[in-house]
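Written below as structure tokens is the structure these notes are about.
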Amino acid sequence: MGYPQDEEKAFSARTLRIFQFGHQIEDYMAKWLRDAKFDLRTEDKNGKQFGFSIADDQIKGHIDGVVCDGPIDMAYPALWESKSANDSKFKSFVRHGVAKANSVYATQIALYQSYMDLTENPCLFTVVNKNTSEIYYELVPFDKKLAQEASDRAVNILTATKANEILPRIAQNKDFFLCKFCEYSNVCWAE
């Protein structure tokens with residue numbers, strides 16, 4: 001809606017380093033998959049990351065890659081999504097799987113599968129433990145319901161924004177944990 005981002009919510013140098021480190025880990029994971037003889041594609045023929053854009057570029061995403069073939073018996077082609085995590089978050093992925101451990105990642109996977117037309121085969125989801133370099137992988141089937149719900153939410157947000165309507169807040173007060181991370185918390189909770 002054109003509101004400015006809260007100044008104090010700009011990414012710190014530490015956070016930017018964490019993001020950069022995560023991208024490097026993703027590059028290593030891609031190399032390890034290729035070294036293991038997976039046919040992993042991370043760029044199109046023009047050297048650009050695969051992605052999608054809809055709703056006049058208001059909804060878009062870029063995937064980590066597509067696994068087209070490999071040495072193990074799994075269905076190809078498959079979306080590949082790669083993450084890295086600290087030890088406690090890594091253990092949560094191992095114990096609970098991506099859908100329970102991180103609903104945002106699960107939603108991202110479902111949307112990417114849908115918009116990239118990779119719904120037939122499960123996504124290869126990998127997580128590298130930043131503390132131990134362990135690798136967790138999971139084959140995540142397409143969740144059509146989750147993808148549809150997320151798409152519907154996006155359409156509702158875009159429709160409300162075009163009508164200059166403010167949707168209800170996610171919480172009853174600004175101390176809610178998600179609000180603490182929101183880049184627009186000050187504007188949202190201003191009187």
Side-chain angles (χ1 to χ4, degrees), residues 15 18-55 59-155 157 177-178 181:
T15 300
I18 290 170
F19 290 160
Q20 184 178 21
F21 187 44
H23 291 303
Q24 294 297 314
I25 291 172
E26 180 183 313
D27 291 343
Y28 280 119
M29 189 67 234
K31 181 185 181 320
W32 297 331
L33 285 170
R34 289 181 179 119
D35 288 349
K37 305 299 183 217
F38 284 91
D39 179 4
L40 173 64
R41 318 264 175 100
T42 55
E43 299 174 341
D44 65 19
K45 61 184 175 187
N46 299 316
K48 303 282 186 196
Q49 191 176 14
F50 296 113
F52 69 92
S53 173
I54 60 168
I59 300 172
K60 56 187 171 182
H62 291 92
I63 66 172
D64 294 331
V66 178
V67 183
C68 296
D69 199 4
I72 64 170
D73 185 21
M74 64 176 262
Y76 302 99
L79 173 71
W80 173 59
E81 275 302 306
S82 179
K83 304 294 181 192
S84 59
N86 65 28
D87 194 56
S88 65
K89 289 182 182 177
F90 179 86
K91 288 177 179 174
S92 181
F93 285 114
V94 172
R95 272 193 309 275
H96 305 292
V98 66
K100 277 190 171 181
N102 192 311
S103 63
V104 172
Y105 291 168
T107 302
Q108 180 185 28
I109 289 168
L111 284 173
Y112 286 0
Q113 286 173 306
S114 180
Y115 287 120
M116 296 300 295
D117 197 24
L118 291 166
T119 59
E120 294 299 315
N121 302 321
C123 167
L124 175 60
F125 176 73
T126 59
V127 182
V128 177
N129 185 322
K130 291 180 187 178
N131 299 79
T132 66
S133 295
E134 290 173 272
I135 300 170
Y136 168 76
Y137 73 90
E138 179 179 345
L139 294 175
V140 182
F142 176 56
D143 187 335
K144 183 178 181 177
K145 182 178 180 221
L146 182 60
Q148 188 63 58
E149 288 170 355
S151 285
D152 291 347
R153 278 195 314 269
V155 168
I157 292 167
F177 80 100
L178 288 176
F181 299 104

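The figures here come from the full heavy-atom set of this structure, side chains too, leaving out hydrogens, waters and symmetry mates. Computed from a prediction, not measured in an experiment: that's the story for all the values here.
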How many angstroms lie between atom [atom1] of [X] and atom [atom2] of [Y], to the nearest 0.5 angstrom?
| X | Y | atom1 | atom2 | value |
| --- | --- | --- | --- | --- |
| N129 | S88 | CG | OG | 9.0 Å |
| E120 | L79 | CD | CG | 13.5 Å |
| S92 | K100 | OG | NZ | 10.0 Å |
| F38 | M74 | CZ | CE | 6.5 Å |
| L40 | M29 | CG | CE | 9.0 Å |
| T126 | W32 | OG1 | CH2 | 9.5 Å |

Could you pull out the closest heavy-atom pair between [X] and [Y], with the gap in Å?
| X | Y | answer |
| --- | --- | --- |
| Y76 | C68 | CB-O, 3.3 Å |
| N121 | P77 | ND2-O, 2.9 Å |
| Y136 | G97 | OH-CA, 3.8 Å |
| F50 | E43 | CZ-O, 3.2 Å |
| T119 | S114 | CG2-CA, 3.8 Å |
| Q113 | V140 | NE2-O, 3.3 Å |

Can you list the steps and then say if K83 with F93 is a side chain to side chain contact (heavy atoms under 4.5 Å, CB included)?
-> CA-CA 11 Å; K83 304 294 181 192; F93 285 114; 5.6 Å; no
Without swapping roles, check the side chain of [X] against the backbone of [Y] for a donor-acceptor pair under 3.5 Å.
| X | Y | answer |
| --- | --- | --- |
| E81 | I63 | no |
| D87 | N131 | no |
| N46 | K48 | no |
| E26 | D64 | no |
| T107 | S103 | yes |

Does R153 come within less than 4.0 Å of E149, counting only side-chain N to carboxylate O?
->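 Answer for the salt bridge query: no.
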Enclosure of [X] [atom1] (heavy-atom neighbours >12, cutoff 6.0 Å):
| X | atom1 | result |
| --- | --- | --- |
| D73 | CG | no |
| K130 | NZ | yes |
| Q20 | CD | no |
| E134 | CD | yes |

Stepwise, does the side chain to side chain donor-acceptor pair (under 3.5 Å) test hold for T42 with R34?
-> CA-CA 11 Å; T42 55; R34 289 181 179 119; 3.1 Å; yes
